[in-house]
Amino acid sequence: MTVTVRFAPSPTGRIHIGNARTALFNWLFALNNKGRFIQRFDDTDISRSTQEFADSILYDLHWLGIFPDVTEYQSRRVEIYDAAVERLKAARVLYACYETPEELDLRRKVRRTRGLPPVYGREALTLTPEQVAEYQSDGRKPHWRFLLPNFTSDPLQPERTEIHWNDLVRGEETVDLASLSDPVLLREDGTYLYTLPSVVDDIEMGVTHVIRGDDHVTNTGVQIALFQALEAVPPVFGHHNLLTTASGEGLSKRTGALSIESLREDGIEPMAVASLAVLVGTSENVATMPDLAELAGHFDPAATSKSAAKFDPDELFVLNRALIHHMPFSEARDRLIVLGVSGDKAEPFWLAVRGNLDRLADAVQWWRILGDGPQEPPELSGEDRDFLREAFDLLPEEPWNGTVWKDWTGKIREATGRKGKALFMPLRLALTGQPSGPELADLLPLLGREGTLARRP
Ligand code: GLU
């Protein structure tokens, strides 16, 4: 059987790095098992889901290097869910309930004061036909609950009923169905909550492995029962730990915090995001991987920790720098062209400046400095100015070879007696206008003799 996974966000916001963790866990799992990756939009909540968000999620996934085999929208599959509802009704495991949210709230409070777990007490099962008729004539519409199989013969007497699975990440897991309320599958207005469409799609789409955040562990107990009620074999489940900030805050699609879009706009490279999103909170060291194939080699769901994966967003910048500092020209070339960095000098330029960049786009500043001179004339003391004039007069004639910087500064040292910072800093300021930056030995050949002399104060 082909390994088949899915990433199933609701398109109600931009995805963040925590969602990327789920997407990448699935993608890498598929990669390692020659499997298929389904992009499924859980968009049954039509009031909050939009096509724009779905498109933006696809864009973000492509940016990360994830290219789904198929893309599905639950909103286009309602008939399939309706058919499943009929099957559940026929099996008498889906029942109509008429309580309002206020009534349910009151019941929960009463149960709590009596020391009972605050789960739904299945009162709807005890309604007489007259009571149902009365609700209906009042215009109340039912919502529908799935009867969890947690009793022997009387649903009003639930008993401990353990659902077990061997979790890809967490190992043996157990959920007691008696500790849960019968889940609402269909709302009063006929729209679906997440549970049923998710299970039906996992069956219909041949999903073999469900890999998602550990906020779904309890849902899995319910969903396994639902797979069984629909006479299907449940898939393998894996629940990874969630990403939180160093202070333990969770991430939310709603706030836009650490969205993939904002990281892209900050100039973070996709592989910096992917490396952190996958490796943090696992037994692997967090380090940048050059591509997803290599990251897949370091990915093992079972090596994921069970506690929250805390991370410091600044770590992304550290990883980003590491990637940029080693990025071959072939990888940077097209993006540099877009930024206006092209021609014969583009490659030596890139190799000279990449070690000083926080983000690839920052290369432009150096390209401008080399092309047009320092943005502002450097502030120099009279003494330094005299020193520089003398130094520029010693600039070797062309053609230059690889040792021109060494030769030139050797001559300057000899003639002026300056050395160390006193020698290099005025030169750096005159040539670049900046107190720090790429090796001057690499920049000098890019400037050429004429370009260098143009910077003589
Ligand atoms: N739409 C659900 C979510 O975003 C999907 C969970 C699942 O993978 O089953 O949480």
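Computed from a predicted model, the values in this text were never measured in an experiment. Atoms within each ligand, like the ligands themselves, are counted from 1 in listed order.
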Name every donor-acceptor pair, under 3.5 Å, that has one atom in a side chain of residues 277-284 and the other anywhere in the protein, sequence neighbours excluded.
residue	atom	partner	partner atom	Å
Thr282	OG1	Leu279	O	2.7
Thr282	OG1	Glu284	N	3.1
Glu284	OE1	His298	ND1	3.0

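Near ligand 1, residues Arg6, Ala8, Pro9, Asp42, Tyr194, Ser198, Arg212, His216 each place a heavy atom inside the 4.0 Å sphere around the ligand atoms.
Counting only heavy atoms from C-beta outward, the side chains of Phe37 and Leu31 never approach each other to under 4.5 Å.
Here the straight-line distance linking atom CZ of Arg187 with atom OH of Tyr192 works out to 11.5 Å at 0.5 Å rounding.
A 6.0 Å sphere centred on OH of Tyr73 holds more than 12 heavy atoms belonging to other residues, nucleotides or ligands.
For the residue pair Tyr81 and Asp201, a side-chain donor N or O sits within less than 3.5 Å of a side-chain acceptor on the partner.
Aromatic rings from Phe349 and Trp367 are positioned such that their centres are separated by under 6.0 Å.
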